[in-house]
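Remarks on the structure that follows.
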Amino acid sequence: MTDHPATTTKLKNLHVITWGCQMNVYDSARMEDVLRPLGYRPVSQVEHADMVILNTCHIRERATEKVFSELGLLKKIREDRLAQGHDRMVIAVAGCVAQAEGAEIIHRAPYVDIVFGPQTYHRLPEMVARAARAGGHVIETDFPVDMKFDFLPAEAAPQTPENLSAFLTIQEGCDKFCSFCVVPYTRGAESSRNVASILTEARQMARNGVRELTLLGQNVNAYHGLDAQGATADLPQLVRALSRIEGIARIRYTTSHPRDVTQSLIDAHRDEAALMPFLHLPVQSGSDRVLKAMNRGHTADEYRDIIRRFRAARPDLSISSDFIVGHPGETDADFEATLALIRDVGFAQAYTFKYSPRPGTPASAADFQVDEAVKDARLQIVQKLIRAQQDAFNGALVGRDVAVLLTHKGRKPGQVVGRSPYQQPVIIDAPEHMIGRIVTVRILHTLTNSLAGELIRETICA
Ligand code: SAH
Ligand code: SF4
Ligand code: F3S
């Protein structure tokens with residue numbers, strides 16, 4: 001930071017609060033990168049911040065409600081700071097609520113200085129300057145034609161202190177318009193970064209120590225970016241190019257859509273050693289009626305068939321999904337069909353949600369909304385089934401040797417935590433200097449959401 005020409009500006013403290021999906025985690029880190037040349041450095045305590053960015057999520061009602069209560073707290077912190085003689089704290093709202101609500105945020109919380117959407121944060125320096133000059137509000141929620149990635153600084157700061165595993169956004173937006181979902185409205189149309197820009201960022205991450213990349217996209221397997229020859233590369237081609245980068249040992253991707261699964265992606269799970277045997281492939285429901293109402297564009301059996309093909313290519317592939325219970329029109333029989341699909345597939349883990357009506361989406365205006373009590377009951381049943389499957393999956397690993405990337409210190413002294421190929425956290429006793437290595441661990445027993453193991457070899461099993 002000290003050698004940057006902008007260091008003549010006073011150092012200022014920035015605090016970013018991140019809610020929502022991994023893409024917001026990536027975006028928040030990039031916002032810090034964009035503001036660094038202006039003298040902003042991240043601080044962990046909001047009370048010390050000269051600027052606070054609330055990076056928000058609009059996916060369910062509860063996520064959106066939290067924004068205004070958090071803003072109330074920030075207003076109070078700003079007043080306390082002013083009373084202590086500090087400069088006025090800048091309050092900015094970013095992310096998907098900012099995109100969806102825009103000026104409405106300023107109406108409800110007039111003390112907010114800046115509102116900007118997920119596609120405009122490369123313009124943050126200009127927004128901060130405008131807010132300071134005008135003393136008024138700045139709202140930037142358009143979808144610019146230029147991709148923000150072309151304007152972000154090349155230098156990306158580590159996303160975690162150890163910097164062994166990092167998110168890398170390769171694709172954004174969604175054209176699928178599922179009946180229930182706000183993402184196509186908050187993130188805009190599907191677009192893919194070009195290959196060169198992704199490779200540059202990945203190489204730099206690898207130079208800074210990253211060993212595991214998680215490629216992000218709302219529909220990550222719809223990726224189709226231009227390569228250096230002007231041809232289109234798909235996700236498996238990109239994975240192949242990334243796996244050649246020195247230091248990158250593991251590649252994951254999320255979230256994929258069943259409609260965009262190709263045979264070459266399935267084959268990549270057989271052929272690319274770096275591609276981890278874990279797949280998050282949301283199905284939402286096991287009922288064809290509900291899948292149709294959701295506009296998912298596939299049937300339950302088509303999903304079963306996709307999973308069968310993936311497992312034929314990579315027998316130990318662990319599968320994860322998202323499920324929504326209580327979509328408008330969902331009957332007991334539809335819900336039973338979801339349970340049947342879960343039993344057929346056998347998931348290693350899954351996220352389960354009660355349907356939450358979202359403004360502007362077709363499902364929110366549909367007849368036959370499901371009773372809240374019914375949604376609650378269904379959620380409990382589905383969660384119990386998933387829990388049992390997760391326990392069974394984890395239990396089956398006990399006694400087996402797996403390759404674990406050691407990523408950080410554990411809570412207890414002498415403990416180190418890592419990640420199995422199947423995505424579970426694994427806790428072992430090992431010296432701290434081994435963090436960063438991929439080692440062979442024998443799984444001893446299961447914990448609630450992780451595994452306990454012992455170090456077997458300081459190298460990985462063949
Ligand atoms: N692009 C991803 C999902 C993004 S949103 C995909 O297509 O799968 C993450 C998850 O939130 C979704 O998979 C869905 O299960 C859930 N979700 C989205 N909108 C919702 C709503 N209105 N109510 C409840 N859950 C919702
Ligand atoms: Fe939302 Fe559907 Fe797009 Fe996923 S595919 S982001 S659930 S509209
Ligand atoms: Fe939420 Fe936006 Fe991600 S609505 S889930 S933060 S894309």
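Counting begins at 1 with the first residue of the sequence. In listed order, ligands and their atoms are each counted from 1.
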Hey, which atoms in ligand 1 end up nearer than 4.0 Å to a heavy atom of [X]?
{"X": "R296", "result": "7 (O)"}
{"X": "Q218", "result": "1 (N), 2 (C)"}
{"X": "Q284", "result": "8 (O), 12 (C), 13 (O), 14 (C), 15 (O)"}

Who's the nearest protein heavy-atom neighbour of [atom], and how far?
{"atom": "atom 7 (S) of ligand 3", "value": "Q218 NE2, 3.2 Å"}
{"atom": "atom 1 (Fe) of ligand 3", "value": "C57 SG, 2.4 Å"}
{"atom": "atom 4 (Fe) of ligand 2", "value": "R296 NH1, 4.3 Å"}

Checklist entry - Against heavy atoms of N24, which atoms of ligand 3 measure under 4.0 Å? => result 6 (S)
Item to check | Side-chain H-bond candidate by donor/acceptor type, S356 with E61, under 3.5 Å | outcome: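 Checked: S356/E61 side chains show no N/O donor-acceptor pair below 3.5 Å.
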Item to check | Any side-chain donor near an acceptor of the partner, T331 and D334, under 3.5 Å | outcome: yes
Next on the checklist: With a cut-off of 2.8 Å, does C178 put an N/O/S atom close enough to atom 3 (Fe) of ligand 2?
Outcome noted: no
Next on the checklist: Taking 4.0 Å as the limit for heavy-atom contacts, which would you say applies to M23 with ligand 3: side chain only, backbone only, both, or neither?
Outcome noted: neither
Item to check | atom 16 (C) of ligand 1 protein-contacted, heavy-atom criterion under 4.0 angstrom | outcome: yes
